[in-house]
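Each residue takes its place number in the sequence, starting with 1.
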Amino acid sequence: MMRNKLLEERRKKVKTEIRQQVALSFKIVDRVHDILQEKGLKQKDLALRLGKSEAEISKWMRGTHNFTIETISSMEAALGAPILEIYHPKGYPVPDLESTIAAEPLG
């Protein structure tokens, strides 16, 4: 595939942090897409579960959305599957999220 030289020059000027953010966003979208496929769901189903419009979910799934922790957490709950894994070094105490949430008082 032939690449546009001007585009390639501009691409080289993009900060590493921005490239990493875009790459992570695409990984999140790929993971959500995989979960949807595994569960036989469509973007429309995710939209219904999140109380969002199908158009909004479609925008998210383009890979350029700046996902918040809140959005990722909501999608995980709606899909019943993890989207991100967090690395914990050996010996690092990893709390049991389910029991932590259940033990917290509401309000």
> Atom CZ in Arg49, atom CE in Met75: separation rounded to 0.5 Å?
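If we round to the nearest 0.5 Å, Arg49:CZ and Met75:CE are 13.5 Å apart.
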> Is it true that atom CD of Glu85 has more than 12 heavy atoms of other residues, nucleotides or ligands lying nearer than 6.0 Å?
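Counting neighbours around CD of Glu85, 12 or fewer heavy atoms of other residues, nucleotides or ligands fall under 6.0 Å, so no.
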> So, taking the atom named NZ in Lys59 and the one named CD in Gln43, what distance separates them when rounded to the nearest 0.5 Å?
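Taking NZ in Lys59 and CD in Gln43, the distance rounds to 13.0 Å.
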> If you look at every heavy atom in Arg31 and Ile83, which pair is closest and at what distance?
CG-O, 3.5 Å
> Is it true that atom CD1 of Ile18 has more than 12 heavy atoms of other residues, nucleotides or ligands lying nearer than 6.0 Å?
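Atom CD1 in Ile18 is crowded, with more than 12 foreign heavy atoms closer than 6.0 Å.
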> Nearest 0.5 angstrom please: Leu46 CG to Glu56 CD, how far?
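Result: 10.5 Å between the selected atoms.
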> Within the distance-only criterion (no hydrogens, no angle test), does the side chain of Arg19 pair as donor or acceptor with the backbone N or O of Val14 below 3.5 angstrom?
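Yes; judged by distance alone, with no hydrogens or angles, the pair exists.
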> Which distance, rounded to the nearest 0.5 Å, do you find between the CD of Gln21 and the CG of Asn66?
7.0 Å
> Hey, does Ile28 have a side-chain heavy atom less than 4.5 Å from the side chain of Leu84?
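The answer is yes, as the side chains (C-beta and beyond) meet within the 4.5 Å cut-off.
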> Looking at every non-hydrogen atom in both residues, tell me the closest pair between Lys39 and Ala81 and how far apart they are.
CE-CB, 4.2 Å
> Membership question, hydrophobic clusters at under 4.5 Å side-chain separation (ILVMFWY): are Ile72 and Phe26 in the same one?
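No, no single cluster joins them.
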> Which heavy atom of Trp60 sits nearest a heavy atom of Phe67, and at what distance?
O-CZ, 3.7 Å
> How close do Met61 and Val29 get, counting heavy atoms only, and between which atoms?
O-CG1, 3.3 Å
> Before you tell me yes or no, could you show the steps for Leu41 and Ile35 under side chain to side chain contact (heavy atoms under 4.5 Å, CB included), namely the whole-Å CA-CA distance, both residues' side-chain angles and the distance that decides it to 0.1 Å?
CA-CA 8 Å; Leu41 300 171; Ile35 295 168; over 6 Å; no
> Identify the heavy atoms of Leu36 and Lys42 that sit nearest to each other, and give their distance.
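Residues Leu36 and Lys42, closest heavy atoms: CD2-O, 3.8 Å.
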> Any idea which heavy atoms bring Ser25 and His65 closest together, and the distance?
OG-O, 3.1 Å
> Hey, are Thr71 and Ser74 close enough side-chain-wise for a donor-acceptor pair under 3.5 Å?
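No, Thr71 and Ser74 have no side-chain donor paired with an acceptor closer than 3.5 Å.
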